[in-house]
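Chain identifiers are assigned alphabetically (A, B, ...) following the order of the sequence lines, protein sequences preceding nucleic acid strands; residue numbering begins at 1 within each chain.
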Amino acid sequence: MKLDTLVRFQNMDRRWIFLGMGIAILIPMLFPMTLPFKVDERVQSLYDAVEEIPAGSTVFISADFDPASRPELEPFFRANLHHLLRKDVKFVAATLWPSSPPLVMPIFEELTAEYGKEYGKDWCFLGFKDGKELAIKAIGENIPETFPQDIKGNKIGDLAVTRGYKQAKDFAMIINISAGFPGTREYVLQIQGQYDLSIASATTAVSGPDYIPFYKAGQLNGLSAGMPGSAQYELLVFPDGPPEGVRLLATQSVNVLNVGHAFIIILIVLGNIAFFVTRQAEEVE
Amino acid sequence: MRSTIPLVLTFVIGLFMVGEYFIPHWRYHQFTQVFLEWGLILAAAAFLLGLFNLVQVNLPKVVNKEEDWGYKLVMLAALVFTLVVGFMGGTDRLSNGQAYKWLFDFVFVPLNATMFALLAFYIASAAFRAFRARNLEATVLLVAAIIVMVARVPLGEDLPLVGEKLPQFMNWIMDVPNIAARRAIFIGAALGAVSTGLRVILGIERSHLGSD
């Protein structure tokens, strides 16, 4: 191969890379295939922690994600709700992200209806609260003062599911679906240590490595990172495959990641081969 | 006087909030809760301030037809329209069939998701150009990146010969060098935050009052 071809390859127009990436994403969508995968220790730990929650208990869900992170986190969010609802665990949910309520409310309504759960008795959604770390601190201190009303305008005191749950520490677990700031890091820093809370986190792939130190230190009792984490959680929740009408979104999408990652790795390897060959040729000259 | 009162307030309230961690008395707690509520009210008020600021900055540019005034007009129109539709929907605005929900599902969601999805293409291009084994450090980074990238997806586990070991290598990279570096960063940042907090409480750092 001519040297200038290799040099041109190294400096190729990035639109060729975009085209290649587009094809790499499209192929597994058009021709789905499922490769088996193992469950990470952190995801297993999260599943086990939810599994240990006794039926009838109540958890606090902080759904802090937006449409941008939806593909990574919605599969976990759905699988986790299935897991909680089929165990008869009640939940009180809220969000610190302004674009989250229209995203999560329909999912809450759809899945609770599927399991025959009643709003106000088995679950409720308190909506969005601004204030970031301050709101987290307030959730740790006093939830009725922080959210006097739920998203439907009901007084929080009128909802059976919130009775007896004044602070974050009163809940069996805090489940944080976190796409960034404010999210898991802020929950850990602001209230986990002070109240010795049991917190599980599902986060984006890019934030996952940031939160591993919290998991290793015991500040998180489980961690699911990105789409692979969501797919692993789906596998644990539905080991025999999904029930009728349920789609395992992450399990289906993880193949797109497979081919996308393979494409980037091939590019990097070819780029380095071209780089070494041209460098050696230049040194000889 | 203009700076003394805010400085005294910062000192007293800052010290009071720090004290909460050391004085677990219910009455003390009651006071800190009041401060927290004030903080939340101020945060909500900042939303309104942001709204006014957005209009204040952009409206004159539209009126005077300054550069890119068309985009600013679209932004202001979208702002007013979304606000009106949101108020009209009331507490039912998130239900299917509501205009606000339609706007969210068919305008905001695709736009927001598209912006984020573009990252896949830019990352592929950046990775191709940046990950070159030019020296020892770059080679270590390159090898670590490839191991993590391959092992993070099921494809890696199915590779012949190395498939079994790859997840173990990845976990070691994530659990040992990654955690060591991140803990160092966290501790450094935490010490920095403590020192900045002390500087603000003691009035040494005054940038929040509008001075250098």
Side-chain angles (χ1 to χ4, degrees), chain A residues 10 14 17-18 20-22 25 35-38 40-41 66-71 99 101-103 105-106 129-132 134-135 137-138 141-142 145-146 151-153 194 205 208-210 212-213 216 226 228 231 254-255 257-265 267-269 271-272 275-276, chain B residues 20-21 29 32-33 36-37 39-40 42-44 46-47 90-96 100-101 104-105 108-113 115-117 120-125 127-129 131-134 142 145-146 148-150 152-158 167 171 174-175 178-179 182-183 186 190:
Chain A
Q10 286 178 74
R14 62 181 180 169
I17 300 175
F18 294 166
M21 193 65 187
I25 290 170
L35 292 172
F37 51 85
K38 288 185 188 126
D40 187 87
E41 170 220 335
D66 61 358
S69 48
R70 183 182 188 173
S99 51
L103 204 62
M105 189 61 178
K129 177 62 70 178
D130 193 28
K132 300 174 176 71
L134 216 55
K137 183 86 181 121
E141 298 258 323
N142 192 328
E145 294 272 344
T146 313
I151 198 156
K152 299 183 179 204
Q194 192 179 5
D210 277 340
I212 294 174
K216 284 284 171 186
V254 85
N255 294 313
L257 277 189
N258 264 330
V259 184
H261 278 213
F263 175 71
I264 296 177
I265 290 162
L267 268 185
I268 292 172
V269 171
N272 274 282
F275 171 70
F276 277 113
Chain B
E20 192 218 354
Y21 286 85
H29 226 59
T32 56
Q33 239 172 296
L36 268 177
E37 273 177 51
L40 289 173
L42 283 174
F47 251 107
T91 52
D92 286 332
R93 67 189 179 282
L94 302 183
S95 307
N96 284 330
Y100 180 80
K101 182 78 169 60
F104 183 83
D105 285 346
F108 182 71
V109 169
L111 289 174
N112 195 215
M115 289 304 291
F116 201 67
F121 298 91
Y122 288 115
I123 283 175
S125 169
F128 173 67
R129 291 181 207 290
F131 281 127
R132 295 276 155 82
R134 289 192 171 87
L142 176 69
I146 288 184
V148 173
M149 278 171 73
V150 177
R152 279 296 289 166
V153 290
L155 193 69
E157 292 172 14
D158 295 327
N171 281 332
M174 299 303 269
D175 289 353
N178 168 56
I179 287 189
R182 280 181 199 277
R183 279 194 181 143
F186 283 170

Looking only at heavy atoms, the pair that brings Pro102(A) and Tyr100(B) closest together is CG-CE2, 4.3 Å

When the 4.5 angstrom heavy-atom criterion is applied to Ala133(B) and chain A, the contacting part is both

Closest non-hydrogen atoms of Ala124(B) and Met21(A), given as atom of the first, atom of the second and distance, are CB-SD, 4.0 Å

Looking only at Ser69(A), Gly20(A), Gly208(A), Pro36(A), most heavy-atom pairs under 4.5 Å shared with chain B are made by Pro36(A)

Leu40(B) and Gly131(A) have their tightest heavy-atom pair at CD2-CA, 4.1 Å

With chain A, the option among Arg132(B), Arg134(B), Glu37(B), Arg93(B) that has the most non-hydrogen atom pairs under 4.5 Å is Arg132(B)

From the list Leu142(B), Leu111(B), Val109(B), Thr32(B), the residue making the most non-hydrogen contacts under 4.5 Å with chain A is Val109(B)

When the 4.5 angstrom heavy-atom criterion is applied to Pro106(A) and chain B, the contacting part is side chain

The interface call for Lys38(A) against chain B, heavy-atom contacts under 4.5 Å, is both

* May I ask you to decide if Ala113(B)'s main-chain N or O and Arg70(A)'s side chain share a donor-acceptor pair within less than 3.5 Å? => no

Whatever's closer than 4.5 Å to a heavy atom in chain B on Lys152(A) counts as backbone

The ring-ring contact (aromatic ring centres under 6.0 Å, His included) partners of Phe108(B) (sequence neighbours excluded) come to Phe104(B)

When the 4.5 angstrom heavy-atom criterion is applied to Pro71(A) and chain B, the contacting part is neither

Taken to the nearest 0.5 Å, the spacing of Met105(A) CE from Asn96(B) CG works out to 11.0 Å

Whatever's closer than 4.5 Å to a heavy atom in chain A on Met115(B) counts as neither

Honestly, the part of Leu42(B) sitting under 4.5 Å from a heavy atom of chain A is neither

When the 4.5 angstrom heavy-atom criterion is applied to Ser95(B) and chain A, the contacting part is neither

Check: So do Arg14(A) and Phe128(B) actually touch side chain to side chain, heavy atoms under 4.5 Å?
Finding: no

Closest non-hydrogen contact found for Asp130(A) with Ala43(B) is OD2-O, 3.1 Å

Honestly, the part of Leu103(A) sitting under 4.5 Å from a heavy atom of chain B is both

Cut-off 4.5 Å, heavy atoms of chain A, and the answer for Tyr122(B) is both

Handout entry: Sub-4.5 Å side-chain heavy-atom contact between Arg183(B) and Lys216(A)
Key = yes

Asp40(A) meets the salt bridge (charged side-chain N to carboxylate O under 4.0 Å, His left out) criterion, sequence neighbours left out, with Arg42(A)

Next on the checklist: Within the structure provided, determine whether Ile212(A) and Arg182(B) are in side-chain contact (heavy-atom separation under 4.5 Å).
Outcome noted: no

Rounded to the nearest 0.5 Å, the CD1 atom of Ile151(A) sits from the CG atom of Asp92(B) at a distance of 11.0 Å

Of all heavy-atom pairs linking Ile264(A) and Ala127(B), the shortest is CG2-CB, 3.9 Å

Here the gap from Arg129(B) atom CZ to Phe275(A) atom CZ, rounded to the nearest 0.5 Å, amounts to 14.5 Å

Scanning both residues in full, the closest heavy-atom pair of Phe131(B) with Ile268(A) reads CD1-CD1, 3.6 Å

Honestly, the part of Phe18(A) sitting under 4.5 Å from a heavy atom of chain B is both

Okay, Val150(B) and chain A: the region with an atom under 4.5 Å from a heavy atom over there is both

Here the gap from Glu41(A) atom CD to Asn171(B) atom CG, rounded to the nearest 0.5 Å, amounts to 7.5 Å

